[in-house]
Amino acid sequence: MKLAVLVFPGSNCDRDMYNAAKRSGVEAAYVDYRETSLEGFDGVLIPGGFSFGDYLRSGAMARVAPIISEVKRLASEGKPVLGVCNGFQILTEVGLLPGALLHNDSHLFVSRNESLTIVNNETKFTHQYDKDETVIYPVAHGEGHYYCTDELYEELVNHNQIILTYNDNPNGSYKDIAGITNKEGNVCGMMPHPERAMETLLGSDSGVKLFQSMIESWREQHV
């Protein structure tokens, strides 16, 4: 398996994503936002940071980057796409995930380890976890409030798209939502950083199972 790690001007978690992929035993390569092909890649990792300085709003300028059409192509082919933090914001901007990310209710940047619950462990990104397992992922964002209408929330619930919730909501996200998937289950976005939770020495290894889940799901289909 080979994963593309996208790099935009202002990305600052691309190395974390790359290292998480390599630690999980797969190939990975950085891909510049100006590239027009993801040929040869089996999945996409969209890292956190401040793409294009978060001008206009987070992810708004990244959505028109040349590489995005290829991200949409891989998503339509059922390949795994994971967007974390700014990557989650980008996925909502391009329409691969529903909802939107707003400023934290506190209007402050929040950076800390966060306790979360795996509410759906039957996805390509979470099947290595136990249902209702508590995990520790770092958060680091100023626009992490996940917003959706009541109608959209019911749709997310009915299609089991909510995979991760906060135990102590740091940003005001609707119903404590921290991570979701698309209806097909191959596109995942979350504000917390599993790629920064790969080593107990650094505070948590809760993110290891997420990357293992994604990779093993792919291998089950292709090996």
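Below, each value reflects all heavy atoms present in this structure, side chains not excepted, and no hydrogens, waters or symmetry copies.
The environment of CD in Glu39 is sparse: at most 12 heavy-atom neighbours from other residues, nucleotides or ligands sit within 6.0 Å. The 12-atom threshold is exceeded at CZ of Phe109, counting heavy atoms of other residues, nucleotides or ligands nearer than 6.0 Å. Around atom NE2 of His103, no more than 12 heavy atoms belonging to other residues, nucleotides or ligands sit under 6.0 Å away.
No side-chain donor-acceptor contact under 3.5 Å links His145 to the backbone of Leu101. Remark: the backbone N or O of Met214 is not paired with any side-chain donor or acceptor of Ser217 at under 3.5 angstrom. Ser24 places a side-chain N or O within donor-acceptor distance of the main-chain N or O of Ala20, the cut-off being under 3.5 Å. Without hydrogens or angle criteria, Asn182 side chain to Asn186 main chain gives a donor-acceptor distance under 3.5 Å. Between the side chain of Ser58 and the backbone N or O of Glu143 there is no donor-acceptor pair closer than 3.5 Å. In this structure a side-chain-to-backbone donor-acceptor pair under 3.5 Å is missing from Ser115 to Ile136. The main-chain N or O of Phe50 is never found under 3.5 Å from a side-chain atom of Asp54 such that the two would form a donor-acceptor pair. A donor-acceptor pair under 3.5 Å is absent between the side-chain atoms of Thr92 and the main chain of Ala100, judged by distance alone. The closest donor-acceptor contact from the side chain of Thr126 to the backbone of Tyr129 lies at 3.5 Å or more, if one exists at all. At least one donor-acceptor pair closer than 3.5 Å links the side chain of Asn169 to the backbone N or O of Asn171.
There is no path of hydrophobic side-chain contacts, each under 4.5 Å, that joins Val64 to Leu56. Under the 4.5 Å side-chain heavy-atom criterion for ILVMFWY residues, no single connected hydrophobic cluster contains both Val139 and Leu102. Hydrophobic clustering, with ILVMFWY side chains joined whenever heavy atoms are under 4.5 angstrom apart, groups Ile162 together with Leu152. Residues Val157 and Tyr146 share a single hydrophobic cluster, defined by chaining ILVMFWY side chains whose heavy atoms lie under 4.5 Å apart. Under a hydrophobic clustering in which Ile, Leu, Val, Met, Phe, Trp and Tyr are joined whenever their side-chain heavy atoms come within less than 4.5 Å, directly or via other members, Tyr55 and Phe88 fall into the same cluster.
Residues that satisfy the salt bridge (charged side-chain N to carboxylate O under 4.0 Å, His left out) test with Asp32, not counting sequence neighbours, are Arg34. Under the rule for a ring-ring contact (aromatic ring centres under 6.0 Å, His included), Phe41 has no partner lying at least two apart in sequence or in another chain.
Considering all non-hydrogen atoms of both residues, His127 and Ser213 come closest at NE2-O, 3.1 Å. Listed here is the closest heavy atom pair of Pro170 and Val110: O-CG2, 3.7 Å. Nearest heavy-atom pair, Gly144 versus Asn104, reported as atom, atom and distance to 0.1 Å: N-OD1, 2.9 Å. Smallest separation of non-hydrogen atoms from Ile180 and Ile163: N-CG1, 4.1 Å. Contact record, Phe125 with Gly185: CE1-O, 3.5 Å, taken as the closest heavy-atom pair. The two residues Ser69 and Pro66 come nearest to each other via the heavy atoms OG-O, 3.3 Å.
You'll find the side chain of Val44 reaches within 4.5 Å of the side chain of Leu38, heavy atoms only. Two residues are said to be in side-chain contact when any heavy atoms from C-beta on lie closer than 4.5 Å; Met198 and Leu202 fail this criterion. Side-chain contact between His193 and Cys85 is present, with heavy atoms from C-beta onward closer than 4.5 Å. Looking only at side-chain heavy atoms (C-beta outward), Pro192 and Leu116 come within less than 4.5 Å of each other. Contact of the Val187 side chain with the Leu91 side chain is registered, since non-hydrogen atoms from C-beta on lie closer than 4.5 Å. Looking at heavy atoms from C-beta onward, Arg57 lies out of side-chain contact with Gln89 at the 4.5 angstrom threshold. Counting only heavy atoms from C-beta outward, the side chains of Phe8 and Ile90 approach each other to under 4.5 Å.
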**OP:** Run the numbers on Val81 and Ile46 for side-chain contact (heavy atoms from CB on, under 4.5 Å), then give the verdict.
**Re:** CA-CA 8 Å; Val81 177; Ile46 309 178; 4.2 Å; yes
**OP:** Take Tyr33 and Ile68, measure what side-chain contact (heavy atoms from CB on, under 4.5 Å) needs, and give me the verdict at the end.
**Re:** CA-CA 8 Å; Tyr33 72 101; Ile68 292 299; over 6 Å; no
**OP:** Go through Asp176 and Asn167 one step at a time and tell me if the side-chain contact (heavy atoms from CB on, under 4.5 Å) criterion holds.
**Re:** CA-CA 7 Å; Asp176 301 325; Asn167 294 332; over 6 Å; no
**OP:** Go through the steps to decide whether Leu82 and Phe211 satisfy the test side-chain contact (heavy atoms from CB on, under 4.5 Å), and finish with yes or no.
**Re:** CA-CA 10 Å; Leu82 173 65; Phe211 287 91; 4.2 Å; yes
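Looking only at atom types and distance, the side chain of Asn86 has a donor-acceptor partner in the side chain of Ser51 under 3.5 Å away. At a cut-off of 3.5 Å, with distance as the only test, no side-chain donor of Gln161 or Thr181 sits close to an acceptor on the other residue.
Lys2 has no carboxylate O lying under 4.0 Å from a charged side-chain N of Asp42, or vice versa, which leaves the two without a salt bridge. No salt bridge links Lys124 with Glu216; every basic N to acidic carboxylate O contact stays at or beyond 4.0 Å. Taking 4.0 Å as the cut-off between side-chain N and carboxylate O, Arg73 and Glu70 count as a salt-bridged pair. For the pair Lys209 and Glu133, the salt-bridge criterion is met [side-chain N within less than 4.0 Å of a carboxylate O]. The pair Lys131-Glu122 does not meet the salt-bridge criterion, since no charged nitrogen lies less than 4.0 angstrom from a carboxylate oxygen. In summary, Lys22 and Glu27 do not engage in a salt bridge, as defined by a charged side-chain N under 4.0 Å from a carboxylate O.
Atoms CG and CG, on Asn120 and Leu156 in that order, are 11.5 Å from each other to the nearest 0.5 Å.
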